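One structure is given here, and the rest of the page talks about it.
Please read all numbers here as calculations on a predicted model, not as lab measurements. Computation of the quantities below employed the complete heavy-atom set of this structure, encompassing side-chain atoms and omitting hydrogens, waters and symmetry-equivalent molecules.
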Amino acid sequence: MIFIGSLQQLGRAFMLPMIVLPGAAIFLSLSKLPWAYIGLPGMEGYLIAASETIFTFLPYIFALGISLGLTGNALAAGMAALVGMFIYSGITGTAAVPIEPTVLIGTLIGIIAGVSHERFKSLRLPEYIQFFGGPRFVPLFVSVVSLLFSIAMFNVAPYLQKMLVELGEIVASGGGFGVFLYGFVHRILVVFGLHHLVSHVFWFQIGGYETASGAMVYGDLPRFFAGDPTAGVFMAGLYPTMMFALPAIALAIIHEAREDLKPKIRKTFLYAALASFLTGVTEPVEFAFLFVAPYLYVVHAILSGIIMWVTYELGIRHGFSFSAGAIDFVINEHLATRGWLIIPIGIVVGFIYYFLFRWAIGRFRIPTPGREEGSQLDEWAGDIPYRAPLILQAIGGKQNIVKMESCITRLRLKVSNDKLLDINALRNLGAAGVIKLGGGQVQVVFGTYSELIREEMIKTIHRDQAQVLFHSPMQGRMIPLDEVPDPIFAGKLVGQGVAFIPEKGELVSPVKGKVIHIYPTMHAIGLLTPEGLEVLLHIGIDTSRLAGKAYFNALVKEGDEVTPGMMLIKFDLQRVRKESKSLATPMVITNSDLVHSWRFAPFKAVKKGQSSVLSVVLKERNGGGETQ
């Protein structure tokens with residue numbers, strides 16, 4: 001599993017250089033416009049040159065991008081990768097028949113530079129040559145490795161290029177079944193974030209095509225844009241899945257949601273469907289049913305493979321620069337073969353997926369978002385700065401984070417202890433799923449907000465503000481304080497905070513601190529945190545008249561030290577419900593004047609001791625926590 005964790009980091013690194021490809025596709029598409037009619041006859045040539053330049057230097061882009069992706073954007077690694085590519089090109093270019101660098105070579109040198117940086121970034125040399133130690137040693141080391149590698153490749157490269165062409169012919173001989181296997185494996189690997197690895201081989205390495213200028217290009221994607229009529233086999237079949245199948249699943253989830261939750265679910269999943277249709281970003285929809293019905297995801301993967309097989313047999317050849325969404329479909333249609341057939345195929349696929357998923361969700365009572373309280377994904381882009389500290393707490397705090405990166409749809413973390421992750425809290429904070437890959441490697445799927453979340457978490461860590469993080473004091477549902485049926489608490493006359501509707505007769509400590517007061521009837525308890533916050537927990541409304549252990553039984557006494565999750569009071573839930581005005585249990589800070597800002601988690605179902613339900617930043621006091 002540690003090996004898989006390393007592979008998913010490499011898979012993320014592959015995404016960085018691919019972000020330049022949409023530019024090449026757009027330039028090539030725009031070059032087809034009648035520029036001469038608007039007085040710009042030279043624009044067509046400029047656009048074609050810009051597109052071809054990106055593909056010409058694609059090996060260098062991959063070397064640089066992969067080295068940066070593997071090292072968290074370390075400049076020394078990026079420079080080492082470029083130097084390595086220049087050395088390779090310089091040496092192999094002196095051959096009788098010049099050897100052109102390929103994406104495969106760029107990938108290898110990028111990996112060498114990235115791994116070398118992680119190995120030598122802390123290297124200590126004797127003091128008189130320490131200037132060349134640490135990160136500065138990396139370009140020197142990679143230069144030497146690239147020199148030896150280039151000399152070896154001088155004789156090997158022609159055979160390697162021939163092998164790539166022959167490998168493409170072997171793959172092509174597999175016919176439709178080979179394409180089906182690719183489609184099935186691709187969707188399965190999406191779960192682990194490893195699909196970029198298998199795609200990279202098919203899209204950028206297998207198969208060769210000689211252009212009109214005599215240059216060789218390799219891989220399904222570059223060959224497609226170079227004009228190879230046989231290219232696009234491993235891309236065309238993804239269009240019906242991303243443009244039609246996933247949006248159909250989103251509609252099925254909306255229509256199977258409870259009526260009271262349907263408005264919120266409709267908004268969330270219409271956005272998710274639109275993202276899949278336009279850009280090919282599918283994880284927000286796929287992770288909505290992956291964890292609750294993994295067998296349904298396997299069916300989805302099989303259907304995806306079948307769709308690719310069908311497009312292959314119908315002779316459809318289409319490609320994309322980023323992903324198989326409608327934007328790429330339109331931009332690249334002029335290069336496609338029978339690409340228009342994707343639309344009717346997609347419509348049929350959409351109907352099949354819609355009725356299949358509606359039937360499965362209803363028949364097997366699959367708890368997809370909107371089927372039960374607290375299961376829905378949230379649309380909360382504007383709330384990210386306020387959620388970030390709570391997400392950080394749910395991950396186990398900054399001390400639990402060894403490395404934090406993000407890709408298009410997920411946070412990719414390496415943590416010291418993955419047992420400290422509060423998965424339920426992360427899901428309540430908007431995560432579609434949490435995947436543990438072993439070795440501390442964890443992925444948290446937040447959809448297209450992942451990069452913004454990472455940035456806000458980094459800001460939170462760097463601010464190092466004095467803040468107090470609260471856990472849930474009971475199992476049940478968290479509600480805003482103004483919904484408590486008591487004017488004193490709802491009016492925040494006692495203090496600011498939140499409230500809970502309990503499902504079990506157990507009250508636990510939400511914070512680390514000390515018990516400073518227990519009411520004689522034991523229906524309420526006061527805690528003091530190390531930061532000086534006074535926290536009042538009041539079980540039910542109008543419960544002060546319910547005396548005796550038949551109702552409440554405190555398991556701590558004044559002066560006791562408590563930690564989050566420690567049992568404070570047990571109570572008879574049914575008797576308290578019957579003989580009180582309400583079970584609403586406020587958790588308020590009675591000296592709220594010490595608080596600078598408040599951050600609340602979504603008001604929904606929570607578990608006892610669950611982290612990240614409330615976070616407060618303290619005012620600066622005597623050089624204390626920095627204010628926002």
Is there a side-chain hydrogen bond (donor to acceptor under 3.5 Å, both in side chains) between Y60 and S89? Walk through the geometry before answering. CA-CA 10 Å; Y60 300 85; S89 299; 2.5 Å; yes
Given side chains that start at C-beta, do those of L58 and F55 come closer than 4.5 Å, heavy atoms only? yes
Donor-acceptor pair, side chain of N400 and main chain of N417, under 3.5 angstrom: yes
Residues, nucleotides or ligands: over 12 heavy atoms within 6.0 Å of L75 CG: no
Any side-chain heavy-atom pair of L64 and M79 under 4.5 Å: no
Is M243 close to L278 at the side-chain level, that is, under 4.5 Å between some pair of heavy atoms? no
Can you confirm whether L270 sits close enough to L274 that some side-chain heavy atom of one is under 4.5 Å from a side-chain heavy atom of the other? no
Quick one: pull up CD1 in I61 and CD1 in I19 and give me the separation to the nearest 0.5 Å. 10.0 Å
For a side-chain hydrogen bond (donor to acceptor under 3.5 Å, both in side chains) check, start with the C-alpha distance between H117 and S67, then their side-chain angles and the critical distance, and finish with the verdict. CA-CA 9 Å; H117 180 272; S67 64; over 6 Å; no
Are V233 and R317 packed together at the side-chain level, in the sense that at least one heavy-atom pair is separated by less than 4.5 angstrom? yes
Rounded to the nearest 0.5 Å, what's the gap from CD on E210 to CE on M216? Could you check? 6.0 Å
What's the shortest heavy-atom distance between V138 and A113, and which atoms? CG1-O, 4.1 Å
Could you work out, with side chain to side chain donor-acceptor pair (under 3.5 Å) as the rule, every residue matching E313, not counting sequence neighbours? W309
To the nearest 0.5 Å, how far apart are CG in D220 and CG in D228? 8.5 Å
Measure from the side-chain N and O atoms of K436 to the backbone N and O of D418, and report whether any donor-acceptor pair falls under 3.5 Å. yes
Within a strict 4.5 Å, meaning less than it, do heavy atoms of the M308 and L238 side chains meet? yes
Quick one: side chains of residues 47-54, donor-acceptor pairs under 3.5 Å with protein atoms, not counting sequence neighbours, listed by atom name and distance.
from	atom 1	to	atom 2	distance (Å)
S51	OG	A24	O	3.0
T53	OG1	A49	O	2.6

ring-ring contact (aromatic ring centres under 6.0 Å, His included) with Y46: which residues, sequence neighbours excluded? none
Kindly indicate, with the supporting measurements, whether the criterion side chain to side chain contact (heavy atoms under 4.5 Å, CB included) is fulfilled by V142 and V83. CA-CA 8 Å; V142 174; V83 169; over 6 Å; no
Nearest non-hydrogen partners of G208 and R223, listed with the distance: C-CD, 3.7 Å
F141 side, atom CZ; I112 side, atom CD1 - distance, nearest 0.5 Å: 8.5 Å
Side-chain (S29) to main-chain (I331) donor-acceptor, under 3.5 angstrom: yes
Do you know the tightest heavy-atom contact between G183 and S304? O-CB, 4.4 Å
Per-pair distances, 0.1 Å, donor-acceptor, side chain in residues 184-194, under 3.5 Å, sequence neighbours excluded:
from	atom 1	to	atom 2	distance (Å)
H186	NE2	S199	OG	3.3
R187	NE	E286	OE2	2.8
R187	NH2	T282	OG1	3.3
R187	NH2	E286	OE1	3.4
R187	NH2	E286	OE2	3.2

Among I307, I343, I345, side-chain contact (heavy atoms from CB on, under 4.5 Å) partner for F244: I343
Does this structure show an ion pair linking R454 with E456, if we count only N-O contacts that are shorter than 4.0 Å? no
Take F446 and L452 through the test side chain to side chain contact (heavy atoms under 4.5 Å, CB included) and record every step on the way to the result. CA-CA 10 Å; F446 279 110; L452 296 176; over 6 Å; no
Shortest non-hydrogen contact from F234 toward Y182: O-CE2, 3.5 Å
Check: S150 and Y88 side chains under 4.5 Å, non-hydrogen atoms: yes
Got a sec, which residues hit side chain to side chain contact (heavy atoms under 4.5 Å, CB included) with L335, two or more places apart in sequence or on another chain? L28, F224, F225
F180 side chain reached by Y312 side chain, heavy atoms, under 4.5 Å: no
Working for side chain to side chain contact (heavy atoms under 4.5 Å, CB included), residues F329 and M242: CA-CA 11 Å; F329 176 82; M242 296 183 178; over 6 Å; no
If we count only N and O atoms by modelled type, under 3.5 Å, do the side chains of D328 and S321 hold a donor and an acceptor together? yes
Taking all non-hydrogen atoms of both residues into account, name the closest pair between M457 and I391 and its distance. SD-CG2, 3.9 Å
Contacts of T211 meeting side chain to side chain donor-acceptor pair (under 3.5 Å) (sequence neighbours excluded), chain-then-number -> S213
Using modelled atom types only, decide if a donor and an acceptor are shared between the side chain of W35 and the backbone of G45 within a distance under 3.5 Å. no
Polar side chain donor-acceptor pair, T241 to Y353, under 3.5 angstrom: no
Taking all non-hydrogen atoms of both residues into account, name the closest pair between M85 and P59 and its distance. CE-CB, 3.8 Å
How many angstroms lie between atom CD1 of I342 and atom OG1 of T311, to the nearest 0.5 angstrom? 7.0 Å
Specify whether F320 and Y239 have parallel, tilted or perpendicular ring planes, treating 30° as the upper limit for parallel and 60° as the lower limit for perpendicular. perpendicular
To the nearest 0.5 Å, atom CD1 of I435 lies from atom CD1 of I423 at 10.5 Å
So F204 and L221, side chain to side chain contact (heavy atoms under 4.5 Å, CB included) or not? Walk me through it. CA-CA 6 Å; F204 295 102; L221 191 150; 4.1 Å; yes
